[in-house]
Amino acid sequence: VQLQASGGGLVQAGGSLRLSCTTSGIIFSTNRMTWYRQAPGKQRELVATISSGGHGTYVDFAKGRFIVSRDNAKNMVYLQMNSLKSEDTAVYYCNLGGPSGYWGQGTLVTVSS
């Protein structure tokens, strides 16, 4: 199983980024996928989850700003992040199977104020 997040970068506060996660080695369409993030000096935290059917759930800080989606034909999951804040600065990871599951390399998002 391989996961790889991409799409991070430097953005000004109020801007947007779209993260992508490619997957291989799994039957993607039947799996729930999750985005986590880890800010400098902090523990990794959950951001959003998308069910196999495409239903997204979000933690409070992501509600109304972030949108999780998936393309089962491409085995990819996305995280559209809008109205970014400096506190969104973190390495973002896609995950399969929860904390003890599979992790890909993260992608760094830096939001400048």
Side-chain angles (χ1 to χ4, degrees):
V1 175
Q2 290 189 327
L3 308 173
Q4 177 67 58
S6 62
L10 175 64
V11 63
Q12 288 189 330
S16 298
L17 279 176
R18 187 194 195 205
L19 306 184
S20 300
C21 175
T22 58
T23 72
S24 61
I26 62 172
I27 303 175
F28 178 77
S29 63
T30 63
N31 281 280
R32 180 174 60 188
M33 300 295 297
T34 302
W35 285 97
Y36 286 81
R37 73 183 187 184
Q38 186 166 19
K42 295 187 177 181
Q43 290 189 329
R44 193 171 296 184
E45 60 182 352
L46 188 147
V47 177
T49 297
I50 186 164
S51 70
S52 59
H55 177 70
T57 56
Y58 305 88
V59 296
D60 283 349
F61 65 74
K63 289 178 181 177
R65 299 192 299 129
F66 294 1
I67 301 171
V68 60
S69 62
R70 64 191 296 156
D71 185 334
N72 288 341
K74 296 182 178 179
N75 290 352
M76 293 186 69
V77 61
Y78 305 97
L79 185 68
Q80 176 68 42
M81 304 188 296
N82 303 316
S83 302
L84 284 162
K85 306 174 182 180
S86 58
E87 52 263 43
D88 295 318
T89 294
V91 178
Y92 286 73
Y93 300 88
C94 54
N95 167 269
L96 166 68
S100 60
Y102 298 97
W103 297 89
Q105 284 189 319
T107 186
L108 176 62
V109 172
T110 303
V111 184
S112 63
S113 57

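- The closest side-chain heavy-atom distance from R37 to V109 is not below 4.5 Å.
- Criterion: ILVMFWY side-chain heavy atoms under 4.5 Å apart, direct or through other members. Under it, I50 and W35 are part of a common hydrophobic cluster.
- Distance OG/S29 to CG/N75: 7.5 Å, rounded to 0.5 Å.
- Judged purely by atom type and a 3.5 angstrom limit, R70 uses its side chain to pair as donor or acceptor with the backbone of S51.
- Using a 4.5 Å heavy-atom threshold, the side chains of L96 and T23 count as separate.
- Atom CZ of F28 and atom NZ of K74 lie 12.0 Å apart (nearest 0.5 Å).
- Taken to the nearest 0.5 Å, the OG1 atom of T57 stands 9.0 Å off from the NZ atom of K63.
- Heavy atoms only, all atoms of each residue included: N95 and W103 are closest at ND2-CE2, 3.2 Å.
- Between S16 and N82, the shortest heavy-atom contact is OG-OD1, 3.0 Å.
- A distance-only check finds a donor-acceptor pair linking the side chain of Y58 to the backbone of V68 [under 3.5 Å].
- Side-chain polar atoms of T34 and T49 form a donor-acceptor pair below 3.5 angstrom.
- Closest non-hydrogen pair, C21 versus L3, comes out as SG-CB, 4.2 Å.
- One finds the OH atom of Y93 at 12.5 Å from the CG atom of L19 (value rounded to the nearest 0.5 Å).
- In this structure, the side chains of F61 and K85 stay at 4.5 Å or more apart for every pair of heavy atoms.
- Using a 4.5 Å cut-off on side-chain heavy atoms (C-beta onward), V47 and M81 make no contact.
- Rounding to the nearest 0.5 Å gives a distance of 12.5 Å between OG of S113 and CG of L84.
- The two residues A39 and T89 have their closest heavy-atom pair at CB-O, 3.5 Å.
- Heavy-atom minimum distance, A5 versus Y92: CB-O, 3.9 Å.
- In this structure, CG in D88 is found 11.0 Å from OG1 in T110, a value given to the nearest 0.5 Å.
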